[in-house]
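Residue numbers begin at 1 in each chain, while the letters A, B, ... track the order of the sequences.
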Amino acid sequence: MTADLHDFIRNRIRRDLDEGALEQGVVTRFPPEPNGHLHIGHAKSICLNFGVAREFGGKTYLRFDDTNPSKESEEFVRSIQDDINWLGFDWGENLTFASDYFDQLFEFAKQLIVDGKAFVCSQSADEMRQNRGTLTEPGRDSPFRNRTVADNVDLFERMRAGEFGDGAHVLRARIDMASPNINLRDPVLYRIMHKRHHRTGDRWCIYPMYDFTHCICDALEGISHSLCTLEFEDHRPLYDWVLDNININFHPPQIEFSRLGLEYNVMSKRVLAELVDKGKVDGWSDPRLPTLAGLRRRGVPASAIRDFCQRVGVTKQDNLVEIKLLEFCIRQALEAHTPRVMAVLEPLRVTVTNFEGEDEVLDAPWHPQQPEMGIRKLVFGRELFIERSDFSDDPPDKFKRLSPGAMVRLRYAYIIRCDEVVRTASGEIESIQVTYFPDSRSGDDTSGLKPKGVIHFVAASNARRVRVQSFGYLFRTPNPKDVHQDFNDNSVTSTEGFVESGIAQAPDAHVQFERTGYFYRDSSSSEGLESDAIGDSLIFNRTVSLRDSWKP
RNA sequence: UGGGGUGUCGCCAAGUGGUAAGGCACCGGGUUUUGAUCCCGGCAUUCGCAGGUUCGAAUCCUGCCACCCCAGCCA
């Protein structure tokens with residue numbers, strides 16, 4: 001089940017364990033900011049953090065990093081929990097919020113002030129930026145850098161008391177304005193923000209910054225390995241500085257790994273939020289999005305995402321994973337147990353001229369390799385639909401489908417031969433006429449006929465209308481740089497076809513339309529995309545097509 | 001021109017001095033009432049480049065090159 005994984009993080013953990021360095025065992029945390037929905041990049045982190053804890057008998061905190069009330073909300077807190085659960089992970093009792101620690105954080109900040117390691121700076125944001133220096137030039141000390149401890153304590157208390165407006169003052173660490181690492185040039189620790197917080201309400205009007213908050217929360221929770229992405233690498237000295245300069249007896253190591261890059265996708269929450277807000281997609285759960293909500297609505301099983309994250313591995317290398325790997329994982333997850341059904345997405349009418357009388361009911365397995373899944377009933381009759389692409393009046397070489405004079409097997413039913421093509425006045429193929437061979441019934445075929453191909457069909461009397469939505473990539477290039485220019489405005493294809501009525505008895509919301517792909521019943525409703533709520537017609541989202549190795 | 005990272009097959013990725021795992025993709029072949037699945041086989045004399053150390057280097061040393069990240073009172 002769980003292969004022995006040997007990425008650099010797990011190797012490190014094994015070493016720590018061997019050396020007896022972990023008194024409390026393995027403790028990890030997944031620290032999302034509740035300002036958007038989770039995407040498959042977060043899934044990589046979730047699988048890593050929860051996976052590692054599971055493998056080494058440790059525990060994982062779900063800790064919301066809610067230090068910026070101007071962007072965060074309860075709605076996102078809920079959706080994130082739902083998504084993590086759906087992915088298959090459980091934090092149990094270990095649900096925390098950075099805001100749970102606001103009181104302690106405040107005390108730690110005061111300690112820093114008393115020790116002369118932090119000061120209240122009253123420069124404007126603009127002035128501060130100007131004095132920060134550049135990548136190659138050192139910054140200049142703030143004129144407020146040498147305020148007395150007493151003044152600093154007083155000012156900080158009054159900041160908290162609400163005496164000042166947003167931006168009037170800020171609490172800064174007193175480190176080194178000449179540091180080549182810009183994060184160490186007296187970084188801001190607290191800012192004034194008169195904003196109601198979704199958990200603490202109006203109790204605070206100053207909020208701690210990430211760099212000050214995160215490391216302390218990690219220490220307070222006894223995180224044994226604080227795993228984050230590469231862009232925090234040069235924040236690590238600050239992470240360590242804070243913990244080294246306050247009175248705390250635990251110091252987690254921060255270990256960075258590279259974020260997931262996925263072809264034809266964008267993994268930036270900012271960009272995703274923008275697509276949602278501008279109505280370019282149908283909400284956070286648009287099936288074209290790499291969000292967990294979107295993947296779920298598309299029909300991607302959580303197990304496929306977990307498998308994908310495992311196959312992708314964990315390293316420090318920048319990467320852009322091929323979308324084909326995800327597609328492979330999805331097909332593989334669905335192959336073994338997804339019920340089969342036949343659906344004709346672009347119907348071509350077929351008349352079986354030698355079929356007389358009552359419709360015939362046939363049996364077909366829900367899954368050809370899983371007989372224990374049982375059978376479904378299928379109807380064969382005089383009027384049928386086949387896929388337009390399964391007929392050609394000018395077949396290419398090695399065409400194994402139907403063409404004038406040729407024979408083909410209708411899956412789980414009879415062999416037919418095309419006798420005639422009926423055309424419209426303008427010459428388009430309107431329907432075809434065929435004869436069937438009564439002694440060629442699937443299962444007891446005594447005809448001796450050997451057609452070269454098998455195609456799917458739906459009997460007109462057994463057909464239920466179905467609307468099918470297929471999705472292309474949201475972006476036109478594998479590695480979109482300009483999300484507006486590279487946006488694919490034409491990524492949804494909607495067709496109306498027929499599905500065998502047995503679909504109603506399908507033992508799963510996931511289904512394979514034979515020879516076409518895996519589909520998932522869409523039951524959410526919204527404006528942009530069609531949903532199941534419209535009329536009584538069925539709506540399916542194509543999760544992924546079947547592999548197709550046919551090359552004419 | 002500062003600091004921090006990363007460079008192993010088309011894409012991921014093992015490997016940490018002993019002579020290049022694996023997966024995906026791709027290409028052959030077999031089975032097949034899904035051109036699916038499944039099965040078999042092929043696919044890096046070479047590890048960014050150049051030197052050096054060593055009996056032996058993807059792994060050690062030196063120098064180069066390329067790419068990514070950092071100048072929010074965001075996380």
- request: For nucleotides 32-39 of chain B, just jot down a letter per nucleotide in 5' to 3' order: B, S or -, based on protein non-hydrogen atoms under 4.0 Å.
  value: -BBBBS--
task: At under 4.0 Å between heavy atoms, which parts of nucleotides 18-23 of chain B does protein reach? Answer with one letter per nucleotide, 5' to 3': B base, S sugar-phosphate only, - none.
output: -----S
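For the contact set between residues 188-195 of chain A and RNA chain B, defined by any heavy atom under 4.0 Å, the members are A:Val188, A:Arg191, A:Met193.
Residue A:Glu387 is out of contact with every strand shown, counting any heavy-atom pair closer than 4.0 Å. Residue contacts for A:Asp126: at a heavy-atom cut-off of 4.0 Å it reaches no nucleic acid atom on any strand shown. When heavy atoms are screened at a 4.0 angstrom cut-off, A:Val314 is found touching the sugar-phosphate backbone but no base atom.
Between B:rG72, B:rC12, B:rC26, one nucleotide has an atom nearer to the side chain of A:Lys324 than all others, and that is B:rC26.
Note on residues 64-76 of chain A: no pairs pass salt bridge (Lys or Arg N to Asp or Glu O under 4.0 Å), not counting sequence neighbours.
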N/O-N/O pairs, protein side and nucleotides 4-6 of chain B side, under 3.5 Å:
unit_1: B:rG5; atom_1: O2'; unit_2: A:Glu233; atom_2: OE1; d: 3.4

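At a cut-off of 3.5 angstrom, the base of B:rG2 holds no donor-acceptor pair with the side chain of A:Glu137.
Scored by the side chain to side chain donor-acceptor pair (under 3.5 Å) test, A:Asp508 finds no partners at all (sequence neighbours excluded).
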query: Which is it for A:Phe257 and A:Thr315 under the side chain to side chain contact (heavy atoms under 4.5 Å, CB included) test, yes or no, and what are the steps along the way?
result: CA-CA 6 Å; A:Phe257 62 95; A:Thr315 67; over 6 Å; no
